[in-house]
Amino acid sequence: MSTDISSEERFLPLRDGRTLAYAEAGNLSSKIVVLYLHGFFTVGDASQTSHVLLSKNVHFITPTLPGWGNTSPPPPSTPYRDCLTSDMTTLLSHLYPDFNGRDIKLYLAGGSLGTAPAQILYGAPYDKFPFGRCISGVLLLGAFSPFRYHKDYAKHMTWTQYILPGPIGYYMPFDLLTHLMKFVLARKLTTIEGAEASLRETVFDEMDQAEREEFAKWSEEHGMVPEDTVRKMAENVMKSTSKSWAGFMLTPSLLHSDWGFRPDALDEEHSRPPVLFTASKDDHMSPVAYTHYLAANYKNARIKHVDGGHMSILYHMDEVWAEFLADEQ
């Protein structure tokens, strides 16, 4: 058994001259694969892989998404969904060169923004993503719905979200608002202190006292104090924009784009793997209404609700992983 919990970043050259960054942990030869797709302003990071995943003998893989960190943005004029399916097929083929079409069990997972690419892979045609036939389950943490089909998506946004990535920013010509927001954020995120301050303002200052105490407890259980956790997250914020801001610039178009399918129109074979949603009741970044829309449209879905805001699912992840991978011993 080849086991690696060092989780250092790795780089895979792609045929189009691009680079795909990823990290991995667990049993690197296991045929039980968890492919986790990250959220906003971070990168693929396996340095704090859950002990539940390690105990399940899985191969945990977390790529950095196109345009974030050290992963190249999509080629010009290539739809995001085609870039994603090609990149993930290349990555999994690299790690499993003897793949015969059915010999692995693939569990897809995504958090926040990463739930969009996770759903793209879930619904992708098998000629575009051959590993799709091996999907055994899908986990969506704080999910985003496809704005193209969820007509009421904007009703549940805060004013900040309504501007970007909502309809105002998306429909404004030349991505003017996105460029403006990039300019503002880039000035904040030039230092680790600025990244920490931004995280506190947008995430941690929104916590009530109960969630602050739960966050402190979770940090302590993982050998840290809350300040360490914030610093670790800030470091990944810095990494995510170290090469370019392409990932951020792509976000509105990704959420509004054609993902290649309608959630309510997936065929029976694609609908076979169960989908587990987690939804935080006070999450204003990924409103619970998005999860309710998706659960009503996917044929094989259920929801696990937790208290708290956008970060709160973090405190329940060991429990969620255990439930998601209940069939794996």
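- Other residues, nucleotides and ligands contribute over 12 non-hydrogen atoms within 6.0 Å of the NZ atom of Lys105.
- Looking at Thr85, its side chain never comes within 3.5 Å of a backbone N or O of Phe129 through a donor-acceptor pair.
- Judged purely by atom type and a 3.5 angstrom limit, Thr158 uses its side chain to pair as donor or acceptor with the backbone of Gln161.
- At distances below 3.5 Å, not a single donor-acceptor pair connects side-chain atoms of Arg18 with backbone N or O atoms of Pro13.
- The main-chain N or O of His284 is never found under 3.5 Å from a side-chain atom of Glu206 such that the two would form a donor-acceptor pair.
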Hey, mind stepping through Val288 and Asp282 against side chain to side chain contact (heavy atoms under 4.5 Å, CB included) and telling me if it holds? CA-CA 8 Å; Val288 69; Asp282 297 318; over 6 Å; no
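- Ring planes of His150 and Tyr293: parallel class, angle under 30° (limits at 30 and 60°).
- In summary, of the residues considered (Leu84, Leu108, Asp82), a side-chain contact (heavy atoms from CB on, under 4.5 Å) with Ile120 occurs for Leu84 alone.
- Classified by interplanar angle (parallel below 30°, tilted 30° to 60°, perpendicular above 60°), the ring pair Trp245/Phe248 is perpendicular.
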Evaluate the criterion salt bridge (Lys or Arg N to Asp or Glu O under 4.0 Å) for residue pair Lys239 and Glu9; output intermediate values, then yes/no. CA-CA 11 Å; Lys239 290 177 183 177; Glu9 190 173 39; over 6 Å; no
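- Put simply, CD1 on Ile104 and CD1 on Ile32 are 10.5 Å apart, with the number rounded to the nearest 0.5 Å.
- The number of heavy atoms from other shown groups lying within 6.0 Å of CZ (Phe99) is above 12.
- Judged purely by atom type and a 3.5 angstrom limit, Glu214 has no side-chain atom pairing as donor or acceptor with the backbone of Ser312.
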Start with the C-alpha gap between Tyr96 and His59, add the side-chain angles, then the distance that decides, and say whether ring-ring contact (aromatic ring centres under 6.0 Å, His included) holds. CA-CA 11 Å; Tyr96 291 90; His59 183 183; 5.7 Å; yes
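- For the ring-ring contact (aromatic ring centres under 6.0 Å, His included) with Phe147, the qualifying choice from Trp259, Tyr171, Tyr170, Tyr290 is Tyr290, the only one to do so.
- A donor-acceptor pair under 3.5 Å is absent between the side-chain atoms of Thr190 and the main chain of Ala186, judged by distance alone.
- Screening Phe131, Tyr107, Tyr298 against Tyr122 for a ring-ring contact (aromatic ring centres under 6.0 Å, His included) leaves a single residue, Tyr298.
- Listed for the Thr71 side chain is no donor-acceptor partner under 3.5 Å among the backbone atoms of Gly67.
- Ring-plane geometry between Trp218 and Tyr315 is classed as tilted, the angle between the planes lying from 30 to 60 degrees on a 0 to 90 degree scale.
- Here the side chains of His256 and Tyr153 are in contact, with some heavy-atom distance below 4.5 Å.
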For a side chain to side chain contact (heavy atoms under 4.5 Å, CB included) check, start with the C-alpha distance between Asn70 and Phe11, then their side-chain angles and the critical distance, and finish with the verdict. CA-CA 8 Å; Asn70 287 312; Phe11 304 97; 3.6 Å; yes
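- In this structure, CD1 in Ile163 is found 7.0 Å from CE in Met181, a value given to the nearest 0.5 Å.
- Across Asn300, Ile135, Leu106, a single residue satisfies side-chain contact (heavy atoms from CB on, under 4.5 Å) together with Pro273, and that is Ile135.
- Ser219 places no side-chain N or O within donor-acceptor distance of the main-chain N or O of Thr229, the cut-off being under 3.5 Å.
- Looking only at atom types and distance, the side chain of Thr42 has no donor-acceptor partner in the side chain of Ser240 under 3.5 Å away.
- Residues His51 and Asp318 have side chains that bring a donor and an acceptor to within less than 3.5 angstrom of each other.
- A 4.5 Å side-chain heavy-atom check between Met233 and Met311 finds at least one atom pair inside the cut-off.
- With rounding to the nearest 0.5 Å, the separation of CG in Leu254 from CE in Met249 is 13.5 Å.
- If you take CG on Asp45 and CG on Asn236, they are separated by 4.5 Å, rounding to the nearest 0.5 Å.
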